[in-house]
Chemist: 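Structure provided below as structure tokens; questions to follow.
Naming convention: chains lettered A, B, ... in sequence-line order (proteins, then strands); numbering from 1 in each chain. A quick note: this is a predicted structure, and the numbers were derived from the prediction, not measured.
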Amino acid sequence: MAPPTTTPARSQSPFAAEVATLSAAVVAEWSSEAVAAMLEIPSDPERGDYALPCFPLARERRLAPPKIAAEIADQLKAKVAGSEWLEGVEAAGGYVNFRVKGARFAQYVVGDILARGDDCGRSDAGTGQTIVIDYSSPNIAKMFHVGHLRSTLVGAALIRVFGHLGHPTVGVNHIGDWGTQFGKLLVAWDLWGESDRLESHPVEYLYELYVRFHKEAKARPDLEERARDAFRLLETGDPEARKLWQRFRDCSLEEFGRIYSTLGVEFDSFAGESFYEDKMQPVLDRLAQRGLSTTSRDALIVDLSDLDWPPMMLRKQDEATLYATRDLAAAIYRHETYGFHKLLYVVGQAQELHFNQLFEVLRRLGYDWADDCEHVMFGWVKFKDQHLSSREGNVVLLDEVLNRAVEMVDSIIAEKNADLEDRARVARTVGVGAVIFADLATRRIRDVNFDWDEVLSFDHGSGPYVMYTHARLTRIVQKYGRPVSTAVDYERLTDPAERAVVQQLEQFGRQLQTVAERREPSYLCSYLVDLTSTVNGDVQRGAKDPSLRILADDPDVAAVRVALVAATRQVLKVGLDLLGMGAPERM
RNA sequence: GCCCCCGUAGCUCAGAUGGAUAGAGCGGAGGUUUCCUAAACCUUAGGCCGCGUGUUCGAAUCACGCCGGGGGUACCA
């Protein structure tokens, strides 16, 4: 819905720039900027390194695209022959395909990556454009299950990628520590609470109370009523209720902290719903002043029937506020505090209407920055085709998933690499990484069915697959034993498989931009798997034919191949890091 | 009822702005370790891209209509 934030400033390599300049000189209809924007990478690398589609010219010139392409390629032949960067141009179908000078291209790409190290792919395009991301935002007193993973991991990955692209970032955990659910907890505690159980296993116990409440409420409808009363009591400042609330909140936050540290996720702010308790009244006043709020069925609402939308609820019959009220206050607070360029809410798609209402009401309040707010939604995590539901107690706990993944990795290490030092730590990194990657690899809008076999599969396309390759490449560079130099003879990089790796490496920066623009970390996952797959094929060739080994006998060949391997390793490392995964050097 | 999302190989998914012959993995069949880590690699079979109509030089991709699945739709978040 909202336009992309980062300007799609194509990484202007001298190669692409040359293609654009030469083509524009030949095609009267197009400027070099236009050509640069149109350039594609051929799906089959055999065809070339850049492709210019000529289809748009067909109508104006009243000629078939292949004829136009042939004509353009013909006119370009002489220019390309004299080019410092390009070595060939050819028409194929409706495309003009360009081939770059392989050695210069490799030198440019590999040299750049190795020179920049962990800063490769970094840019300053986002300078001064603060991105605030609201993510994870669990409800207190609920066990962290795999359904909570998506918001947490997508948000964390986006924060890192935006940061890498130069944006100042603010990660906000909008903890669900306010609302009627707390009334439920207070009632449950009142009815069945046992202090010693709360002491020993706080969150587990609170969660048990929460589930029991919903179970019993089915038979006793009065419980829901009592819960609403209890929340109102809390909201009006009842000291007893306050004290309990504080206690529940503290132990939940401690538990979440443990999980976040395992996942390597950090936040700049834990300002949750309760934080806005005293910031709602000014918003309600402003709504009233502008004549936006009305009373209907004894509740305070913003009427949106002109859009055929249900109203946004501000206050219930019993005067208690709702999350919409708090979200209004939160958005305004965040704009005042951070002056954001974009405010992204990484929240499930079930809340789409809520966010549409929220942004609309902000607009009607006169905040033109409402258009900079965006709901970054994602699909459901299901288990055995059922929704995970905290209320029903039908959940797969994250702890269980992580533990099983780590155990399994550990047993694989025992089998393959038993004397690995630091084995427990590596098993942890790889196991957690497997879970993270499995969750992030699917495009976020899709529903996913949680499947043990899939999460615990460490084969091609998995997180461990990428990590394994990183470790393997690291070993090759170590075994080489000499410093990796970028002053090598790139002419010796002759194989198409090696060219393909270089091509993919060159795409890294652009790939990160797309991840940010589309708010889609899964694109980074597929990129890393593709790169890994290509480089594995390349590395494996040496098994049969020693002359194809990375550490070839010819020192000049070995030097350039090692440089390529080192650059690939570097990109894998940065990519894994941005996903929040860690990249062990051995496994 | 209305609104939103999804539908691609047996399974899980890519296909990003409409573009070159729709691609991977898992699973199936077959193969590769004197070697830099076999958590790897190579070969192979397997497709009315849910259905229909339209727009276009060109549609898995866009529009409209169906079908199937999921979600939302006033006092939960």
Chemist: For RNA chain B, what dot-bracket results from Watson-Crick or G-U pairs at under 3.5 Å, with [ ] for crossers and | for inter-strand partners?
Modeler: (((((((..((((.....[...)))).(((((.......))))).....(((((..]....))))))))))))....

Chemist: Check the interface with nucleotides 6-14 of chain B: list each N/O to N/O pair with the protein under 3.5 Å, or write none.
Modeler:
{"from": "B/G7", "atom 1": "OP1", "to": "A/R446", "atom 2": "NH1", "distance (Å)": "3.3"}
{"from": "B/U12", "atom 1": "O2'", "to": "A/E454", "atom 2": "OE1", "distance (Å)": "3.4"}
{"from": "B/A14", "atom 1": "OP1", "to": "A/R443", "atom 2": "N", "distance (Å)": "2.9"}
{"from": "B/A14", "atom 1": "OP2", "to": "A/R446", "atom 2": "NH1", "distance (Å)": "2.9"}

Chemist: On a whole-Å scale, what distance lies between the P atoms belonging to B/C6 and B/U44?
Modeler: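 Going atom to atom, P in each nucleotide, I get 34 Å.
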
Chemist: Quiz question: going by heavy-atom distance under 3.5 Å, is there a donor-acceptor pair between the base of B/A16 and the side chain of A/R518?
Modeler: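 Between B/A16 and A/R518, which were checked side chain against base, a qualifying N/O pair under 3.5 Å is absent.
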
Chemist: Take A/S457 and A/M587, find for each the nucleotide of RNA chain B with the closest heavy atom, and name the residue whose nucleotide sits nearer the 5' end.
Modeler: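 In this pair, the answer is A/S457.
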
Chemist: According to a strict under-4.0 Å criterion, is A/N536 in side-chain N/O contact with OP1 or OP2 of B/C41?
Modeler: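 The answer is yes; a side-chain N or O of A/N536 sits under 4.0 Å from OP1 or OP2.
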
Chemist: Can you tell me the distance, in whole Å, between the CE atom of A/M467 and the P atom of B/A40?
Modeler: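 Rounded to the whole Å, the gap is 12 Å.
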
Chemist: Determine, for A/R249 against A/D177, whether the closest basic-nitrogen to carboxylate-oxygen distance falls under 4.0 angstrom.
Modeler: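 Between A/D177 and A/R249 there is a salt bridge, with a charged N closer than 4.0 Å to a carboxylate O.
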
Chemist: So, using salt bridge (Lys or Arg N to Asp or Glu O under 4.0 Å) as the criterion, who are the partners of A/R425 when residues are at least two apart?
Modeler: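 Checked A/R425 against salt bridge (Lys or Arg N to Asp or Glu O under 4.0 Å); matches are A/D422.
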
Chemist: If you apply the rule side-chain contact (heavy atoms from CB on, under 4.5 Å), what do you find for A/L493 with A/L564, and how did you get there?
Modeler: CA-CA 9 Å; A/L493 225 44; A/L564 181 62; 4.3 Å; yes

Chemist: Distance check, C1' atoms only: B/C11 and B/C4, in whole angstrom units.
Modeler: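 One C1' to the other, the span is 28 Å.
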
Chemist: Using a 4.5 Å cut-off on heavy atoms from C-beta on, say whether the side chain of A/F378 contacts that of A/V346.
Modeler: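 A/V346 reaches A/F378 side chain to side chain.
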
Chemist: Measure CD/A/Q351 against P/B/G70 and give the value in whole Å, please.
Modeler: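 Distance, rounded to whole Å: 20 Å.
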
Chemist: Could you give the CD-to-C1' distance, from A/E225 to B/C76, as a whole number of Å?
Modeler: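 The distance from CD of A/E225 to C1' of B/C76 comes to 14 Å, rounded to the nearest Å.
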
Chemist: Assess whether one donor atom and one acceptor atom, taken from the side chain of A/Q181 and the base of B/A77, lie less than 3.5 Å apart.
Modeler: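 A donor-acceptor contact between them is absent.
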
Chemist: Walk me through it: do A/D229 and A/R232 pass the test salt bridge (Lys or Arg N to Asp or Glu O under 4.0 Å)?
Modeler: CA-CA 5 Å; A/D229 289 343; A/R232 200 178 53 231; 3.6 Å; yes

Chemist: Which nucleotide sits closest to the side chain of A/Y323: B/C35, B/G71, B/A77?
Modeler: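 Within the option list, the nearest is B/A77.
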
Chemist: Within the structure, does a side-chain N or O atom of A/R315 lie under 4.0 Å from either OP1 or OP2 of B/A74?
Modeler: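 A/R315 to B/A74 OP1/OP2: no side-chain N or O under 4.0 Å.
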
Chemist: From NE2 of A/H460 over to C1' of B/G25, roughly how many Å is that when rounded to an integer?
Modeler: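 Whole-Å distance recorded here is 7 Å.
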
Chemist: With sequence neighbours excluded, what pairs up with A/P311 under the side chain to side chain contact (heavy atoms under 4.5 Å, CB included) test?
Modeler: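 A/P311 satisfies side chain to side chain contact (heavy atoms under 4.5 Å, CB included) with A/I301 once adjacent residues are dropped.
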
Chemist: Take the protein atom CD1 of A/I550 and the nucleotide atom C1' of B/A40, then report the distance between them rounded to whole Å.
Modeler: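 My rounded result for the distance is 14 Å.
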
Chemist: Under a 3.5 Å threshold, yes or no: a donor from one side chain and an acceptor from the other, between A/Y345 and A/H375?
Modeler: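 No donor-acceptor contact under 3.5 Å links the two side chains.
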
Chemist: With rounding to the closest Å, how many angstrom separate the P atoms on B/G18 and B/C57?
Modeler: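 One P to the other, the span is 16 Å.
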
Chemist: In whole angstrom, give me the gap between the C1' atoms of B/G31 and B/U8.
Modeler: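 Approximately 30 Å lies between the C1' atom of B/G31 and that of B/U8.
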
Chemist: Can you name the residues that form a salt bridge (Lys or Arg N to Asp or Glu O under 4.0 Å) with A/R150, not counting sequence neighbours?
Modeler: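 With neighbours one apart ignored, the set is A/D439.
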
Chemist: For B/U33, decide between syn and anti, treating a glycosidic angle within 90° of 0 as syn.
Modeler: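 That one's syn.
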
Chemist: Tell me every residue that passes ring-ring contact (aromatic ring centres under 6.0 Å, His included) with A/F55, counting only those two or more places apart in sequence or in another chain.
Modeler: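 Partners of A/F55 by the ring-ring contact (aromatic ring centres under 6.0 Å, His included) criterion, ordered by chain and then number, come out as A/Y95.
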
Chemist: Less than 4.0 angstrom between a side-chain N/O of A/R472 and OP1 or OP2 of B/C35, yes or no?
Modeler: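 Indeed not, no polar side-chain atom of A/R472 lies that close.
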
Chemist: Applying ring-ring contact (aromatic ring centres under 6.0 Å, His included), name anything that partners A/W380, two or more places apart in sequence or on another chain.
Modeler: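 ring-ring contact (aromatic ring centres under 6.0 Å, His included) check on A/W380 returns A/H387.
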
Chemist: Using the P atom on both, measure B/C62 against B/U17 and round to a whole Å.
Modeler: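 That atom pair is separated by 9 Å.
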
Chemist: Below 3.5 Å is the cut-off: list the nitrogen or oxygen pairs between protein and nucleotides 56-63 of chain B, distance only.
Modeler:
none

Chemist: So what does A/G179 hit on the nucleic acid, given a heavy-atom distance under 4.0 Å: a base, only sugar-phosphate, or nothing?
Modeler: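 A/G179: backbone/sugar contact only, no base atoms under 4.0 Å.
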
Chemist: Can you tell me the distance, in whole Å, between the CD1 atom of A/I175 and the P atom of B/A77?
Modeler: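 Nearest whole value for this atom pair: 16 Å.
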
Chemist: For A/L548, which residues count as a side chain to side chain contact (heavy atoms under 4.5 Å, CB included) partner, sequence neighbours excluded?
Modeler: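 A/L548: side chain to side chain contact (heavy atoms under 4.5 Å, CB included) contacts with A/R541, A/D545, A/R561.
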
Chemist: My understanding is that only residues two or more places apart in sequence, or in another chain, count here; which of them pass salt bridge (Lys or Arg N to Asp or Glu O under 4.0 Å) with A/D327?
Modeler: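 With sequence neighbours excluded, A/D327 shows a salt bridge (Lys or Arg N to Asp or Glu O under 4.0 Å) to no residue whatsoever.
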
Chemist: Go through the N and O atoms of the side chain of A/N97 and the base of B/A20, and report whether any donor-acceptor pair is under 3.5 Å.
Modeler: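 Present.
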
Chemist: Using only side-chain N and O atoms of A/H354, determine if any of them is under 4.0 Å from OP1 or OP2 of B/C76.
Modeler: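 Negative; the distance criterion is not met.
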
Chemist: Which residue, A/R475 or A/T532, contacts RNA chain B at a nucleotide closer to its 5' end, judged by nearest heavy atom?
Modeler: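 Going by which nucleotide is closer to the 5' end, it is A/R475.
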
Chemist: On a whole-Å scale, what distance lies between the C1' atoms belonging to B/A9 and B/G28?
Modeler: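 It comes out at 13 Å once rounded to the nearest Å.
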
Chemist: Figure out the CD1/P separation between A/I413 and B/A38, and round it to whole Å.
Modeler: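 So the CD1-P distance, A/I413 to B/A38, works out to 16 Å.
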
Chemist: Nearest-Å distance, CD (A/Q357) to P (B/U73)?
Modeler: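 Taking atom P of B/U73 as the reference, CD of A/Q357 is at 9 Å.
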
Chemist: Compare the minimum distances between each of B/A74, B/A77, B/C5 and the side chain of A/Q349, then state the nucleotide with the smallest one.
Modeler: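 Minimum distance to the A/Q349 side chain belongs to B/C5.
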
Chemist: What's A/R586 touching, base or sugar-phosphate or nothing? Going by heavy atoms closer than 4.0 Å.
Modeler: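 Base contact.
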
Chemist: Report the residues that fulfil salt bridge (Lys or Arg N to Asp or Glu O under 4.0 Å) with A/E71, sequence neighbours left out, ordered by chain and then residue number.
Modeler: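 A/E71 satisfies salt bridge (Lys or Arg N to Asp or Glu O under 4.0 Å) with A/R61 only.
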
Chemist: Any N or O donor-acceptor pair under 3.5 Å from the base of B/A74 to the side chain of A/S296?
Modeler: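 Answer is yes: a donor-acceptor pair is held.
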
Chemist: Could you pull out all residues at least two apart from A/T321 that satisfy side chain to side chain contact (heavy atoms under 4.5 Å, CB included)?
Modeler: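 If we apply the side chain to side chain contact (heavy atoms under 4.5 Å, CB included) test to A/T321, skipping adjacent residues, the hits are A/E235, A/M280, A/R315, A/T325, A/R326.
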
Chemist: Taking only the P atom of each, what is the distance from B/U12 to B/G70 in whole angstrom?
Modeler: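 Rounded to whole Å, the distance is 15 Å.
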
Chemist: Taking the side chain as everything from C-beta on, heavy atoms only, tell me whether A/F270 gets closer than 4.5 Å to A/F256.
Modeler: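 A side-chain contact is absent here, since even the closest heavy-atom pair is not under 4.5 Å.
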
Chemist: Touch check for A/A51, heavy atoms < 4.0 angstrom, all strands: base, sugar-phosphate only, or nothing?
Modeler: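 Base, at least one base heavy atom under 4.0 Å.
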
Chemist: For the C1' atoms, the ones on B/U32 and on B/G69, what distance do you get once it is rounded to whole angstrom?
Modeler: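 Here B/U32 and B/G69 have their C1' atoms 43 Å from each other.
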
Chemist: Any side-chain N or O of A/Y465 below 4.0 angstrom from OP1/OP2 of B/A38?
Modeler: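 No.
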
Chemist: Choosing from B/A74, B/C4, B/A16, which nucleotide comes nearest the side chain of A/E352?
Modeler: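 Closest nucleotide among those given: B/C4.
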
Chemist: Pick base, sugar-phosphate or nothing for A/L473, based on heavy-atom distances below 4.0 Å to the nucleic acid.
Modeler: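 Answer is nothing: A/L473 stays at 4.0 Å or more from every strand.
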
Chemist: B/A74, B/A77, B/C26: which one has an atom nearest the side-chain heavy atoms of A/P311?
Modeler: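 So the side chain of A/P311 is nearest to B/A74.
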
Chemist: Classify the nucleic acid contact of A/A92 as base, sugar-phosphate or nothing, counting any heavy atom under 4.0 Å across all strands shown.
Modeler: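 The residue A/A92 makes base contact.
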
